Every structure is written in structure tokens, then in C-alpha cells.
Amino acid sequence: MSLPLAKRLKARLSAEKPVFGTWVGIPHPAVIELTARAGFDFLLLDGEHSPIDVNALASLLPAAELHGAPTIFRTRWKSPDDIKAALDAGISGIMVPMIESAQEARAVVSHCRYAPAGTRGIGPWRASGYYDDFGAYLADANDATTLILQLESGQGLANLEEILAVEGFDVLFVGPADLASSLGLPIGRFDGELRDVLVRVAMAAKKAGKRAAIDAQNTSLIPDLIDMGYSLFTVGSDMGFIQASGRSLVGELAAIAER
């Protein structure tokens, strides 16, 4: 059920072209389906800073799968509970916030992998097509699942090379707001000292054979970030699309009313 989409996401990550996704924070199948129809490379369902609960994934994922959209779930924290539940529900990838050491990175990798590579428990109820494809899922799940770790703090930055040396994860994703806040830098700006940090992270990720990823506040930032070495991006969100479209329409209506 989820393996073809998971493999599609892995294939996109292994290609040379940039990969673009968007955030989803509204826990309703219609919103998931509308966003999936837009044609992003993936949808990132946010379980950390939105109302999307891991237990809702089974009712939300079919709306994305209907339109061939791979899905990534950001867990609330680093514990294995949400990781296990999201994978068993059929998510294509996992993103875990605030990784600050190689030890934490190794633990997350273990939570995502079946033995002997890890400690994930066997019970992929929806991920295996309600066990119709049980054997095929178990055989492919470790390699097919995309794992993204987030770098969001000065402590994580201090341990950057050690984290990247951990095997078993695919992408290091910079959380620019949290990282800037942790370093005492202005939030929302990608220049100055933060730019130097972003360059360092991208170069280290490339050396380690991993993708560097980041949230881009607007598309104008992306060319420079690509030049730095970033190749996976989240841009915008379902909530933002509604706000921007609504405000634009209200502005047009106001202009008509003032004629």
C-alpha cells in the first residue's frame, strides 16, 4: 500500500534535481487531498506544531495516496512511540525534531528499522495493506523508508559531524527559526552569521553523503540555498495558502469597493 510511494520518494532523493514539498497542518482528508492535487514532490504532515495526531494518519493518508503524493510525518518528539505508529500506518518517511547528538541519531535510526538493523516492532497493519503484503513490506521497508533528522540547536551544530557520521538516515533538515534562536541570531533572516552556518551544514552533509534540507520561507531564497548545497525544501503550508489567497481576494474586493 505505502511501499510504491515510499520508493518513489527515495528515487526522487537519489536524483540530482531539487525536491520540493509543503507543510500540512490541518487534520482533514479534504485538505490533504487538495494539497496532494497541487503536485508537490511530497507532503510533510506536521505532528509537532499542528493538530495532526499520529493516530489520525490512517484516515488522512488515503487522501494523499489517491493522488500519488508521498507523505512524511514529523513526530512530536524523539520517542519511538510516534515513529512506530506512523510507520505502521503507512507513512513514506519520518522526520524527527531537535537531534542534538550522534547517540540520539542512532536511537532514532534504530526505532525506524526492523532487526537486525534496528528495533522496530513488527506489526505494519496498514503499511502492509492490512497484512495482505506482509512479506513484501518487511523485505523492503528498511530501505524504502526515508528518515530525516532535524538540526535545530547550537548543541546539534556543535555535534554536526558526529551526527552526520551515523548511518541509516537520509537527510539532515535545518530548522532555521529554532537554530537561529538557539544561536542568538535574528529569526527569519538567512544572511550574515546564519548564512555561514547554513553553508557549513550543507558542505558537511555533502561530505557525509547525505542530503541537506531546509524550510524556505519564500521561493526567492531557493536559488541561493541550492548554490549552498541544499536540495530538499519545504515551501509554504496549507494554512498559509488559505491565508494568502483569502487576503489577496479581500484586497481586490476592497479596491473594487473604493472605486
Side-chain angles (χ1 to χ4, degrees), residues 2 5-6 8-9 12-13 17-76 86 89-97 146 148 150 152 171 173-181 187-190 198 211-226 230-257:
S2 66
L5 291 181
R8 182 184 303 176
L9 179 58
R12 286 172 178 167
L13 289 174
K17 293 183 178 180
V19 178
F20 299 105
T22 196
W23 294 93
V24 178
I26 301 173
H28 195 284
V31 175
I32 304 288
E33 184 172 3
L34 283 166
T35 312
R37 288 174 63 89
F40 291 99
D41 293 323
F42 65 91
L43 305 184
L44 209 165
L45 281 60
D46 189 11
E48 183 185 13
H49 294 304
S50 88
I52 295 182
D53 184 84
V54 67
N55 295 316
L57 291 180
S59 61
L60 298 177
L61 294 182
E65 294 163 356
L66 179 65
H67 299 286
T71 51
I72 298 167
F73 180 69
R74 179 163 72 171
T75 59
R76 194 171 303 277
I91 206 79
S92 301
I94 292 287
M95 186 158 91
V96 180
T146 295
I148 303 173
Q150 281 199 267
E152 301 184 277
V171 180
F173 187 107
V174 175
D178 280 303
L179 183 57
S181 177
I187 296 174
R189 296 182 59 176
F190 281 48
L198 295 181
R211 283 245 188 182
I214 195 167
D215 182 63
Q217 297 170 325
N218 57 70
T219 57
S220 66
L221 296 170
I222 294 175
D224 187 40
L225 290 166
I226 290 175
Y230 289 86
S231 57
L232 184 145
F233 303 90
T234 49
V235 189
S237 69
D238 54 351
M239 297 181 192
F241 301 148
I242 293 171
Q243 287 180 314
S245 179
R247 287 169 178 164
S248 177
L249 178 58
V250 169
E252 292 178 20
L253 295 173
I256 292 171

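Just so we're clear, the structure is a prediction, and the values are computed from it rather than from any experiment.
Looking only at distances, no side-chain donor or acceptor of Asp46 sits under 3.5 Å from a matching main-chain atom of Val24. Side-chain N or O atoms of Thr234 include none that pairs as donor or acceptor with a backbone N or O of Thr22 at under 3.5 Å. Checked by atom type and distance alone, the side chain of Ser59 pairs as donor or acceptor with a backbone atom of Ala56 at under 3.5 Å.
The CG atom of Leu179 sits 7.0 Å away from atom CG of Leu198, with the distance rounded to the nearest 0.5 Å. Note that CD1 of Ile214 and CD of Gln150 are 11.0 Å apart. Values are rounded to the nearest 0.5 Å. In this structure, CD in Glu65 is found 11.0 Å from CD1 in Ile32, a value given to the nearest 0.5 Å. Interatomic distance, Tyr230 OH to Leu221 CG, rounded to the nearest 0.5 Å: 12.0 Å. Taking CG of Leu44 as the reference point, atom OG1 of Thr35 lies at 12.0 Å (rounded to 0.5 Å). With rounding to the nearest 0.5 angstrom, the CD1 atom of Ile148 is 6.0 Å from the CE atom of Met95.
Residues Thr71 and Leu5 form no side-chain contact, since every pair of their non-hydrogen atoms from C-beta on lies 4.5 Å or further apart. By the 4.5 Å heavy-atom criterion applied to side chains, Val31 and Ile242 are not counted as neighbours. For the pair Thr75 and Val54, the minimum side-chain heavy-atom distance is 4.5 Å or more.
Ring orientation note: the planes of Phe40 and Phe241 are close to parallel, at an angle under 30° on the 30°/60° scale.
Closest approach of Ala64 and Ala36 over heavy atoms only: CA-CB, 4.0 Å. Across all their heavy atoms, Pro51 and Met239 have their closest contact at CD-CE, 4.3 Å. Between Ile94 and Ala86, the closest heavy-atom pair is CD1-CB, 3.7 Å. Scanning all heavy atoms of the two residues, the minimum distance from Trp23 to Asp215 falls at NE1-OD1, 2.9 Å. Annotation for Leu61 and Ala89: closest pair CD1-O, 3.6 Å, computed over non-hydrogen atoms. Between Ile52 and Arg76, the closest heavy-atom pair is O-NH2, 4.3 Å.
By the side-chain hydrogen bond (donor to acceptor under 3.5 Å, both in side chains) test, His28 pairs with no residue at all, sequence neighbours left out. Among residues two or more places apart in sequence or in another chain, the side-chain hydrogen bond (donor to acceptor under 3.5 Å, both in side chains) test is passed with Ser231 by Arg211. For Arg189, the side-chain hydrogen bond (donor to acceptor under 3.5 Å, both in side chains) partners two or more places apart in sequence, or in a different chain, are Asp191. Evaluation of the side-chain contact (heavy atoms from CB on, under 4.5 Å) rule for Ile226 yields Pro18, Ile222, Phe233 as partners, not counting sequence neighbours. Partners of Ala6 by side-chain contact (heavy atoms from CB on, under 4.5 Å), not counting sequence neighbours, listed by chain and number: Ser92, Ala144. The side-chain hydrogen bond (donor to acceptor under 3.5 Å, both in side chains) check on Ser220 picks up Asn218, with sequence neighbours excluded. Residues forming a side-chain contact (heavy atoms from CB on, under 4.5 Å) with Ala58 (at least two apart in sequence, or on another chain): Trp125, Arg126. For Glu48, the salt bridge (Lys or Arg N to Asp or Glu O under 4.0 Å) test picks out Arg74, with sequence neighbours left out. Residues passing the side-chain contact (heavy atoms from CB on, under 4.5 Å) test with Asn55, sequence neighbours excluded: Asp53.
For residues 231-245, the set of pairs meeting the salt bridge (charged side-chain N to carboxylate O under 4.0 Å, His left out) definition, not counting sequence neighbours, is empty. Contacts classified as salt bridge (charged side-chain N to carboxylate O under 4.0 Å, His left out) and involving residues 216-225 (residues at least two apart or in different chains) are given here: Arg195-Asp224. Within the structure, no pair that satisfies the side-chain hydrogen bond (donor to acceptor under 3.5 Å, both in side chains) test touches residues 243-252, not counting sequence neighbours.
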